[in-house]
J.: 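Pasting a structure here, questions to come.
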Amino acid sequence: MSILPQEELVKKWESEQASLRQQVVEEDTEDWQRCPDFTGLERVGGVDLSFIKGDDVNACAQLVVLSYPDLELLYEDSQMVTLTAPYISGFLAFRETPYLLEALQRLETTQPSLLPQVVLVDGNGLFHYREFGLACHLGVLSGLPCIGVAKNLLQVQGVEKSEEHQSQIASLQKGGDSFPLTTNSGKVLGRALRSSDSSTKPVYVSVGHKISLDTALHLTHSCCRYRVPEPIRQIRSQSDE
DNA sequence: GCGACAG
DNA sequence: ATCTTGTCGC
């Protein structure tokens, strides 16, 4: 096996992103997405990789499936994995997607009736340097509707932590309030969401696959008891329960 | 040289 | 991502 220099790796990954980007569906495709209170939606998934202190090679790949709208645990899968790809900002998917896909495939094989109807992904979707973040990548490869939920702002295409951005955050009064993340060319790539009344710092929601931004925003908010949506949050609290 | 850098 | 204690406020 040959090791590519990072510069070559990035070129290869960029072209792979460009080709997969064309397969992203940015609209609602499911019946439940068009119902006012998401009637028909029964299972919401969450995926994440977690690490331990000094080790960035071994990680725990986790998938949870929660009931909707009660957000109770229906399924949980944890698998220790050894990562092969490095973390490079903008290319998170190449590091994490293979193991998240494996988890979804294990579920599909063993208990297909528990497959989630939508997956909340820890990271960005279209709100990305090349409009193809982790949530898009996992969505296209799995075929499942996916939503990107990032806890930190990625500064991309003119969206930045400016005075303007800070004042927009300050203007979010209550849980559910949001404002658009608009590029310098005028395209809305996502929305900053105040996810609960008690949290000041927003989360950044963007389309992953097979869902509209409006639906993604409302569903994400309806999954929030605290700042981080339950499907993603319950993964972390899982380890000590 | 300095800031930025999803997870 | 992860290391970490207390502390302030509701």
Side-chain angles (χ1 to χ4, degrees), chain A residues 6-7 9-10 13-14 17 20-21 24 46-64 78-101 103 119-140 146-163 165-166 173-175 181 183-184 189-209 213 216 220 225-229 231-233 235-240:
Chain A
Q6 190 170 101
E7 188 182 328
L9 188 61
V10 163
W13 282 352
E14 277 178 346
Q17 288 181 330
L20 291 172
R21 168 70 183 91
V24 172
V47 290
D48 191 27
L49 256 64
S50 50
F51 297 80
I52 48 167
K53 44 184 174 183
D55 190 344
D56 57 348
V57 169
N58 297 295
C60 186
Q62 294 173 287
L63 163 67
V64 300
S78 296
Q79 179 71 49
M80 286 303 299
V81 297
T82 303
L83 306 189
T84 53
Y87 171 68
I88 303 176
S89 179
F91 302 95
L92 179 62
F94 293 93
R95 182 164 159 84
E96 300 198 350
T97 299
Y99 312 101
L100 304 179
L101 267 178
V119 180
L120 272 64
V121 179
D122 198 348
N124 291 301
L126 291 179
F127 186 58
H128 176 269
Y129 305 124
R130 289 164 299 278
E131 299 184 14
F132 196 72
L134 175 59
C136 299
H137 207 120
L138 185 66
V140 167
C146 286
I147 300 172
V149 183
K151 296 184 294 295
N152 292 293
L153 180 71
L154 185 62
Q155 306 205 150
V156 47
Q157 299 188 31
V159 183
E160 54 189 32
K161 293 174 186 158
S162 55
E163 295 284 329
H165 184 78
Q166 295 307 323
Q173 296 300 303
K174 59 182 194 310
L181 302 169
T183 66
N184 38 30
L189 290 187
R191 296 189 72 94
L193 168 70
R194 176 160 178 166
S195 47
S196 74
D197 289 338
S198 54
S199 67
T200 301
K201 185 177 178 180
V203 295
Y204 299 93
V205 177
S206 59
V207 169
H209 188 48
L213 179 56
T220 300
R225 291 214 247 266
Y226 306 102
R227 175 172 178 256
V228 175
I232 295 173
R233 196 189 70 93
I235 287 175
R236 300 207 164 78
S237 49
Q238 195 62 30
S239 22
D240 39 40

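Quantities reported herein were computed from a predicted structural model and do not represent experimental measurements. Lettering of chains follows the sequences in order, A, B, ..., and the numbering in each one begins at 1.
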J.: Nearest-Å distance, CZ (A:Phe91) to P (B:dC5)?
T.: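 Between P of B:dC5 and CZ of A:Phe91: 16 Å.
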J.: Take atom CD of A:Gln157 and atom P of B:dA6, then tell me their distance rounded to the nearest Å.
T.: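 Whole-Å distance recorded here is 16 Å.
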J.: In whole Å, I'd like the distance from the NZ atom of A:Lys161 to the P atom of B:dG3.
T.: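 One finds 13 Å between P of B:dG3 and NZ of A:Lys161, rounded.
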J.: What's the CD-C1' distance between A:Glu160 and B:dC5, to the nearest Å?
T.: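 Whole-Å distance recorded here is 15 Å.
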J.: A side-chain contact here means heavy atoms from C-beta on lying under 4.5 Å apart; do A:Phe127 and A:Leu153 qualify?
T.: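 Side chain of A:Phe127 against side chain of A:Leu153, heavy atoms only: contact under 4.5 Å found.
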J.: Counting the atoms with a prime plus P, OP1 and OP2 as sugar-phosphate, which does A:Gly90 contact under 4.0 Å by heavy atoms, base, sugar-phosphate, or nothing?
T.: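 Since a base atom lies under 4.0 Å of A:Gly90, the category is base.
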J.: Do the side chain of A:Asp197 and the main chain of A:Gly175 share a donor and acceptor less than 3.5 angstrom apart?
T.: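 Present.
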J.: Regarding A:Phe94, tell me which of base, sugar-phosphate or nothing describes its non-hydrogen contacts under 4.0 Å with the strands shown.
T.: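 Answer is nothing: A:Phe94 stays at 4.0 Å or more from every strand.
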J.: Considering every strand and a 4.0 Å limit on heavy-atom distances, what is the contact class for A:Ile88: base, sugar-phosphate, or nothing?
T.: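 The answer is nothing, as A:Ile88 stays clear of every strand by at least 4.0 Å.
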J.: May I ask you to evaluate whether A:Asn152 reaches the phosphate of B:dG7, defined as a side-chain N or O under 4.0 Å from OP1 or OP2?
T.: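 Looking at the OP1 and OP2 atoms of B:dG7, one of them is under 4.0 Å from a side-chain N or O of A:Asn152.
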J.: Measure from CG on A:Leu92 to P on C:dA1 and round the result to the nearest Å.
T.: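 From A:Leu92 CG to C:dA1 P: 11 Å.
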J.: If pairs are Watson-Crick or G-U with both distances under 3.5 Å, what is the dot-bracket string of DNA chain C, marking crossing pairs with [ ] and pairs to another strand with |?
T.: ..........
J.: Give, for atom CG of A:Leu181 and atom CD of A:Gln157, the distance between the pair rounded to the nearest 0.5 Å.
T.: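 Reported value, rounded in 0.5 Å steps: 11.5 Å.
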J.: For C:dA1, take OP1 and OP2 only and decide whether either is under 4.0 Å from a side-chain N or O of A:Lys151.
T.: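 Checking C:dA1 against A:Lys151, a side-chain N or O does come within under 4.0 Å of OP1 or OP2.
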J.: Indicate yes or no: at least one non-hydrogen side-chain atom of A:His128 is less than 4.5 angstrom from one of A:Gln17.
T.: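 A side-chain contact exists here, since the closest heavy-atom pair is under 4.5 Å.
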J.: Which residue is it: A:Leu120, A:Leu63, A:Asp122? I am looking for the one with a side-chain contact (heavy atoms from CB on, under 4.5 Å) to A:Val47.
T.: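 Single pass found, and it is A:Leu63.
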J.: Measure from CZ on A:Phe51 to P on C:dT2 and round the result to the nearest Å.
T.: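 One finds 8 Å between P of C:dT2 and CZ of A:Phe51, rounded.
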J.: Give DNA chain B the dot-bracket treatment, 5' to 3': Watson-Crick (N1-N3 with N6-O4 or O6-N4) or G-U (N1-O2, O6-N3) under 3.5 Å, [ ] crossing, | other strand.
T.: .......
J.: Would you confirm whether A:Arg21, through its side chain, and A:Glu131, through its main-chain N or O, come within 3.5 Å as a donor-acceptor pair?
T.: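 Yes; at least one donor-acceptor contact below 3.5 Å.
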J.: Under 3.5 Å, is there a donor-acceptor pair between the side chain of A:Arg95 and the main chain of A:Pro86?
T.: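 No, because the side chain of A:Arg95 does not come within donor-acceptor range (under 3.5 Å) of the backbone of A:Pro86.
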J.: Expressed as a whole number of angstroms, how long is the span from A:Tyr99:OH to B:dG7:P?
T.: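 Result: 19 Å.
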J.: Any side-chain N or O of A:Tyr87 under 4.0 Å from OP1/OP2 of C:dA1?
T.: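 It does not, given that no N or O in the side chain of A:Tyr87 lies less than 4.0 Å from OP1 or OP2 of C:dA1.
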J.: Would you mind telling me which of C:dT2, B:dG7, B:dC5 lies closest to the side-chain atoms of A:Gln155?
T.: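 Nearest listed nucleotide: B:dC5.
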J.: Calculate the interatomic distance between A:Asp48 atom CG and B:dG7 atom P; express it in whole Å.
T.: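 From A:Asp48 CG to B:dG7 P: 9 Å.
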J.: Look at the rings of A:Phe91 and A:Trp13 and say which category their plane angle falls in: under 30° parallel, 30 to 60° tilted, over 60° perpendicular.
T.: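 Rings of A:Phe91 and A:Trp13: tilted, 30 to 60°.
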J.: I'd like to know whether CD of A:Glu7 has more than 12 heavy-atom contacts from other residues, nucleotides or ligands below 6.0 angstrom.
T.: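 No.
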J.: Heavy atoms, side chains only, cut-off 4.5 Å: are A:Leu189 and A:Val159 in contact?
T.: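 Heavy-atom side-chain distance check fails, nothing below 4.5 Å.
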